[in-house]
Amino acid sequence: MTTALLEHLNPAQRQAVQAIDGPVLVLAGPGSGKTRVLTHRVAYLIEQVGVDPFNILAVTFTNKAAREMKERLEALVGAGRAAALTIGTFHNVCVRILRRDIVHLGRERDFAIYDADDQQRLMRRVLKDLNLDEKQYPPRAIQGRISSAKNELVSPQEYARYNRASYYEEIVFRCYERYQALLREANALDFDDLLIETVRLLDQHPPILEKYQDRYVYLMVDEYQDTNRAQYVLVKQLAATRRNLFVVGDNDQSIYAWRGADIRNILQFEDDYPEAQVILLEQNYRSTQAILDVAQAVIREGAQQKHAKQLWTENGAGVEVTIHEGYDQNDESGWVADEIARLVAGGEYHLGDCAVMYRTNAQSRVLEEALMLRGLRYQIIGGTRFYERKEVKDVLAYLRLVHNPFDSISLGRVLNVPPRGIGTRTEETLNRWATELGVPVYQALRELATEEVTSPFNGRTRNALLAFLQTVDELIAVRRQHNLVALIDTILERMQFREALEREHGPEEGTERWDNLMELRNVAADYINLPLEAQLATFMEEVALVADIDVLDAEKDAITCITLHQAKGLEYPVVFLIGLEEGLLPHNRSLDEKDKLEEERRLLYVGATRAKQRLYLLYAFRRTSYGRTNTSTPSRFLAGIPQELLKQPARRQTTAAPQSSMFTQRSGYGPAASSSRAHGKTARSNSSRKRTPAGPTEVSFFPGQQVRHHLFGEGIVISSKLVEGDEEVTVNFPDKGQKCLLASFARLEPVD
DNA sequence: GGCTCGATCTTTTTT
DNA sequence: AGATCGAGCC
C-alpha cells in the first residue's frame with residue numbers, strides 16, 4: 001500500500017509527499033499534480049507515519065475543492081478514516097471553531113451568517129441611522145472599505161487611529177462601529193467576521209488556541225497565494241507550536257488580490273519559516289507543449305518574479321493554439337459555438353469537454369444566445385446564483401427569522417413580502433422606533449403588542465404589524481414541532497407565495513420562480529433526518545457558504561461557461577478564452593495600476609492553462625457595452641505571444657459577416673499602433689483544416705418551407721446550403737426575425 | 001401605500 | 001440595452 005502511494009509520483013512530488021516534519025512550501029505550476037500531492041501526503045501521513053486522521057487539518061478555498069479532496073481520500077484510506085479528517089474551506093473551519101467556542105467572546109453560538117446582500121442591507125440601515133446620504137456615501141464603497149479593514153484585521157478603533165486623514169475616513173469609521181454593533185445586536189457574523197473572530201478568539205484565549213494546536217498537528221493549506229491577512233494569521237497561530245505547516249500554491253496564479261489576498265504571504269514564506277523546505281513542481285501533466293508555450297509567453301512577459309517556474313511536459317506538441325478575431329461579440333460567440341459544433345460533429349469531443357471562459361459575467365449573455373440558437377447544451381456558472389435569487393432569499397430570510405427573530409435584517413427583508421400593506425414608510429418608522437428604544441426590531445414589535453407603550457403608528461398600521469408578528473410567532477411554534485420541509489411548506493402556504501409570485505411576475509416567470517422554491521424545498525429535504533433542533537441551523541449554515549463553483553457539474557455533457565476567476569483549478573480538453581481585448585482583459589478598472597495589470601495577465605495565464613488539448617484565443621473587432629458600440633483593440637497580453645505559436649484559421653463564411661476590409665485593416669495586437677506585427681503572415685494561409693464530413697450530402701430544407709423551432713416558433717425558410725458537413729438554414733421568424741441555424745443542432749421540424 | 005414612468009447606472013472578479 | 005431606482009401621481 002505504501003509503495004503504491006509513492007509509485008505514481010515523480011521525484012519532486014514524492015519529495016513533497018514525504019516531507020513530513022516542519023514547514024514545507026510547494027510551488028506548483030498549473031497541472032503539476034498538486035491535488036495529487038496533497039491527497040497522497042495525507043494518505044502517507046496516515047498509512048506510513050501512523051498519524052491519527054483526527055490530527056490533520058486541510059484547508060481549501062472552495063467547498064468543491066474540499067469535497068474532491070475528501071472523495072479522493074476516501075478512495076485512498078477508506079471512508080472511515082477519511083471521515084475523521086478535518087477538510088474544509090477557511091470559512092467552514094472557522095464556523096466550526098466558532099460554533100464550539102464563540103461563547104468565550106461573549107457571543108451566542110447560534111449566530112447567523114450574513115452574505116453580501118445582507119451586508120448591503122445592513123450598511124443601508126447604518127447610513128440611515130447615522131443620517132448619511134446614500135448618494136454621497138455609497139453603501140457598497142463604505143462596505144468595501146470596512147471589509148478591507150477587516151481582512152487586514154483592523155478594528156474600528158485601529159481604523160480611527162490610523163486613518164485620521166480625511167473626513168471621509170471619519171465617516172467610514174463611524175459606519176464601521178455602527179455596522180459591527182448592529183451585527184452583534186442581530187447575533188450575526190458576516191463573511192469577514194468568520195475569519196477575524198476566530199483569530200481574535202485564538203488570540204485572546206490561549207487555552208483554546210492550545211486546544212486547537214494540540215489537535216491539528218499537521219496543517220495543510222491549498223492555494224496559499226490566495227490567503228489574506230486574516231487567513232495568514234490564523235494559519236500562523238495554529239502552526240506556531242508544531243510548525244508542521246504544508247502549503248501549496250503558485251504565485252503565477254494569484255488572482256484574488258482585489259479580495260484582500262496578499263501575494264507576500266507565499267513569497268515570504270521562507271522568511272516566516274526559515275527552516276522551510278521549498279519544492280517546485282514543474283512537470284505539467286495536463287496540457288500540450290503548444291498550450292504551455294503560449295501560457296509561458298504570456299506570463300514571462302510580465303515582471304520576473306521569485307521562484308519563476310519553467311513548465312515542461314511529456315505530452316507532446318499537440319495542436320497549435322488558434323487565435324481568432326470576431327467581427328463583434330455576436331460573431332465571436334457564434335464562431336465559438338460553430339467550432340464546438342464542428343469538434344463534436346467530428347466525433348473527437350463531447351460537449352462536456354468544452355469550456356468557454358470570460359472576464360466578466362456580463363459576457364455570458366451573448367454567448368448563451370449563440371449556444372441556444374444552435375441548440376448546444378451548456379451550463380453557465382455564476383451570474384445570478386441560485387441562493388441569490390430574490391424569491392429564494394426571501395424564503396431563507398423567513399427561515400432565518402424563525403431561527404433568530406432578532407435578526408433585524410431578515411425581518412426587514414420579509415416585512416412586506418409578499419406585499420401585505422407594510423410599506424417603506426412604515427418600515428422606516430419601525431426601524432427608527434426600534435433604534436430609539438435600543439432594541440432589535442422584533443423586540444419593538446413585542447412592545448407594540450403589550451399596548452403599554454406609545455408607538456408612532458396609527459391603528460391600521462399597528463394591526464398590520466401585529467398580524468406580521470403573530471405570523472412569525474406561529475412559524476416559530478411550527479418549527480418546534482415539525483421538520484424543516486414542513487416548516488417551509490407552512491411558510492409558502494401561509495404567505496400564499498405561489499399566488500404572490502404569479503401576481504407579481506405573470507404566470508410564466510411566476511412559475512419559474514416557484515420552481516426555484518421547490519428546488520430549495522428539495523435541498524431542505526436532505527436535512528430532515530437530522531435531530532429536529534439541528535435541521536434549520538445546519539441547513540442555513542451550509543446554504544450560506546455555498547459558492548457558484550460548488551454546483552458545477554463536471555459529469556454533465558454540456559459546454560461549461562465560466563469566468564476566468566472561477567475556472568481556476570479546473571481543466572478541459574477544449575478551452576475558448578473570449579473577449580481578449582483592452583478594457584476587458586485587462587479590465588478597464590485595472591489599467592492604472594501595475595499590480596492590478598499583472599493580476600489581469602495572470603488571469604489570462606490561468607485561463608490558458610486550463611486547456612488540455614485545444615486552446616482558442618478570441619477577441620472581437622467591435623463590441624457593444626453599456627449600450628454603446630466601440631471598436632476594440634486586442635489585449636496587450638496577446639502581443640507577447642510569438643506569432644509562430646499561433647494559428648489563424650481561415651474565415652468561415654457566415655451570413656452576418658461584414659465586408660472583409662474590416663478585418664484586414666487591423667494592425668497587430670496591443671493597445672497602441674504596433675504595426676510591426678501584422679496579421680499578414682498567417683492570416684488566410686491556413687485553410688488546411690481537414691474534416692471528415694459526416695453530415696448530410698444534400699439539403700433537406702427549401703426556401704418557402706414552413707418550419708418550427710423549439711424556441712423561435714414557426715418560421716419560413718429563406719435559404720439553405722451545405723456547409724462543412726452540416727446544413728445551414730436561414731429562417732425568417734415573424735417574432736424573432738431572420739436566424740441562421742445549423743440543421744444538426746437546431747432541431748428544426750417541418751410544418752405541413 | 002402602490003403604481004407608472006423616466007432617469008440613471010451598470011460590469012470586474014467571490015468565500 | 002437592460003435593470004434598477006426614484007419621483008410624482010393615483
Side-chain angles (χ1 to χ4, degrees), chain A residues 59-66 88-95 113-117 119-120 124 134-135 138-140 144 147 150-151 189-196 222-223 226-228 230-231 254-261 329-330 357-366 369 381-385 387-388 390 415-416 418-429 458 460-461 464 503-504 541-550 562-568 579 583-591 596-597 599-600 602-604 606-607 623-629:
Chain A
V59 189
T60 61
F61 269 80
T62 65
N63 293 306
K64 179 169 178 287
T89 63
F90 269 105
H91 292 84
N92 240 310
V93 170
C94 287
V95 169
I113 300 168
Y114 275 10
D115 67 11
D117 190 56
Q119 289 177 304
Q120 184 91 351
R124 286 226 156 95
E134 283 194 12
K135 285 265 152 47
R140 279 187 58 176
S147 184
K150 284 185 166 187
N151 282 330
L189 301 187
D190 69 12
F191 277 143
D192 304 320
D193 284 341
L194 296 178
L195 300 172
I196 64 176
D222 193 12
E223 307 280 14
D226 288 336
T227 48
N228 63 27
Q231 290 160 338
S254 153
I255 53 174
Y256 283 110
W258 56 273
R259 200 170 80 184
Q329 66 259 52
N330 297 313
M357 302 174 185
Y358 36 80
R359 178 64 231 268
T360 67
N361 278 309
Q363 291 168 261
S364 66
R365 195 147 157 177
V366 174
E369 280 169 22
I381 309 300
T384 39
R385 61 188 95 177
Y387 290 109
E388 279 176 13
K390 183 178 180 298
L415 191 58
N416 196 33
R420 56 168 76 83
I422 304 177
T424 47
R425 186 75 179 281
T426 305
E427 191 197 336
E428 249 172 61
T429 313
N458 63 32
R460 212 173 103 188
T461 314
R503 204 178 320 124
E504 196 177 345
E541 178 169 318
E542 292 184 21
V543 158
L545 296 176
V546 280
D548 292 325
I549 190 68
D550 298 335
I562 193 169
T563 64
L564 289 164
H565 280 91
Q566 300 207 94
K568 191 166 70 160
L584 219 40
L585 188 76
H587 194 274
N588 269 327
R589 302 200 180 188
S590 308
L591 295 178
K596 288 187 177 173
L597 207 55
E599 183 153 313
E600 300 283 306
R602 293 194 291 270
L603 212 38
L604 176 53
V606 166
R623 183 172 296 272
T624 307
S625 49
Y626 301 105
R628 260 193 159 61
T629 302

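Chain A is the first sequence line, chain B the second, and so forth, proteins listed ahead of strands; every chain is numbered from 1.
Side-chain contact between A:Y358 and A:L585 is absent, with no heavy-atom pair separated by less than 4.5 Å. Considering only heavy atoms from C-beta on, A:Q120 stays 4.5 Å or farther from A:Y114 through its side chain. Counting heavy atoms from C-beta outward, A:N92 and A:N63 have side chains that approach closer than 4.5 Å.
A:N228 comes within 4.0 angstrom of nothing in the nucleic acid, heavy atoms only. At the heavy-atom level, A:T624 lies nowhere under 4.0 Å from the strands shown. If you check every strand for non-hydrogen atoms under 4.0 Å, A:F191 touches a base.
Salt bridge A:R602/A:E599: present, at least one basic N to carboxylate O contact under 4.0 Å. Looking at A:D226 and A:R259, no side-chain N of the basic residue comes within less than 4.0 Å of a carboxylate O on the acidic one, giving no salt bridge.
Summarising the geometry, the separation between NE2 on A:H565 and C1' on B:dT11 is reported as 13 Å, rounded to the nearest angstrom. Rounded to an integer number of Å, the gap from OH of A:Y256 to P of B:dT15 is 7 Å. Straight-line distance from the CD atom of A:Q363 to the P atom of C:dG2: 17 Å, rounded to whole Å. The distance between atom CG of A:L604 and atom C1' of B:dT13, rounded to the nearest whole Å, is 15 Å.
Listed nucleotides B:dT11, C:dG2, B:dT15 differ in distance to A:R365; the shortest reach to its side chain belongs to C:dG2. You'll find that the side chain of A:T426 is closest to B:dG1, out of B:dT15, B:dG1, B:dT13. Comparing B:dT11, B:dT15, B:dT14 by their closest approach to the side chain of A:H587 singles out B:dT11.
Aromatic stacking of A:W258 on B:dT13: satisfied, with centres closer than 5.5 Å and planes within an angle under 30 degrees.
Contact annotation: A:N63 does not reach the phosphate of B:dT15 (side-chain N/O to OP1 or OP2, under 4.0 Å). A:S625 has no side-chain polar atom (N or O) that falls below the 4.0 Å cut-off from OP1 or OP2 of B:dT10. At B:dT10, none of the side-chain N or O atoms of A:N361 fall inside 4.0 Å of OP1 or OP2 (strictly under the cut-off). Residue A:Q566 places at least one side-chain N or O under 4.0 Å from the OP1 or OP2 atom of B:dT14. Between A:N151 and B:dT15, a side-chain N or O to OP1/OP2 separation shorter than 4.0 Å is absent.
Position along DNA chain B of the nearest nucleotide to A:K596 versus A:Q119 favours A:K596 as the more 5'-ward residue. If you find the closest nucleotide of DNA chain B to A:L584 and to A:T461, the one lying nearer the 5' end belongs to A:T461.
Using P as the reference atom, C:dT4 and B:dT13 are 15 Å apart when rounded to the nearest Å. Comparing the P positions of B:dT11 and C:dG6 gives a spacing of 15 Å, expressed to the nearest Å.
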